[in-house]
Undergrad: 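This is the structure, below, for whatever I ask next.
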Amino acid sequence: ETSYNTVIADLGHAMEIDLASEVFREMGERGIAPSVVTYNSLLSVYEKAGAVDMAFNLLDEMYASGVKPDEISYGSSISCCAKGKEWEKSLALLVRMHQEHLQPNLYCINAAIHACGLAGVNQKAEALLEVAVKTGLEPDLYSYNNLAMAHINGGDPEQALEVLDRMRENGIDPDVFTYGTLLCICEGPEGLDRALGLLDEMREAGIPMNVVCYTAAITACNKSQRTDISWQLWKQMNKEGIKPN
RNA sequence: CUAUUAACUAAG
């Protein structure tokens, strides 16, 4: 059984959705009973595909066959809703967890924040952060980074930038993902200054740049028609030994 | 043995 679990999860990482489902079916045909881990592995496959309906069906199947979904099952399913752009369903799953007397952990909440973030429903994302705190969870980098994305997609760049201070106040240091996210909101001439300011902040904080950040910054320059600065950044990137992709 | 985050690229 453990072999099957591993294979299914690995096929998921390789994005071999159909193969993974096939292996799962074959397992049943050979009379091997799937465990929670088996189901969770398959759920993680659906998650990567954003196959929301299949994930929901599998959850039902778990209950039907007497295998109780756990936090990981729900975490994967919620993340599946994010990838499938179904933020309302991700919230519905949190409600369902509550009904099943399961306490959502940070994975679940963060995935839901991500789902809301992609959809730009930033007030829901804020509400989720509150839920986390109220239930005794400590929001982490994922929580705040996803929250910043929610504000960006929600059309509120100012609030996105405020997330920087809010996380520091709570003892979470922004990382390369945080800045990578924020660099995306730098459109127009004033946005360019913000982008360069963020780059300085990163330097001061000793956060190493990567390709994503450079690409985001360069994109910001291009949107502001400042190809001269794009070029400077490009040279700097090469000087730091970061390979373009 | 299983789960959560950023850029560019395609479509529009």
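Lettering of chains follows the sequences in order, A, B, ..., and the numbering in each one begins at 1. The structure presented is a predicted model; accordingly, all values stated were derived computationally and were not measured.
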Undergrad: Nearest-Å distance, CD1 (I32(A)) to C1' (C1(B))?
TA: 14 Å
Undergrad: Which pairs with one or both residues in residues 43-54 of chain A pass side chain to side chain donor-acceptor pair (under 3.5 Å), sequence neighbours excluded?
TA: E47(A)-S79(A)
Undergrad: Sequence neighbours excluded, which residues qualify as side-chain hydrogen bond (donor to acceptor under 3.5 Å, both in side chains) partners of E126(A)?
TA: H151(A), R166(A)
Undergrad: Any salt bridge (charged side-chain N to carboxylate O under 4.0 Å, His left out) involving residues 65-87 of chain A? Give me the pairs, sequence neighbours left out, ordered by first then second residue.
TA: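 For residues 65-87 of chain A, and leaving out neighbouring residues, the salt bridge (charged side-chain N to carboxylate O under 4.0 Å, His left out) pairs sorted by first residue read E86(A)-K89(A).
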Undergrad: Once each nucleotide of nucleotides 3-12 of chain B is scored for protein heavy atoms under 4.0 Å, what B/S/- sequence comes out, 5' to 3'?
TA: BBBBBS----
Undergrad: Can you list the residues that meet the side-chain hydrogen bond (donor to acceptor under 3.5 Å, both in side chains) rule with S143(A), with sequence neighbours excluded?
TA: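 Residues passing side-chain hydrogen bond (donor to acceptor under 3.5 Å, both in side chains) with S143(A): N110(A), D140(A).
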Undergrad: Taking side-chain contact (heavy atoms from CB on, under 4.5 Å) as the test, write out the residues that go with R203(A), two or more places apart.
TA: none
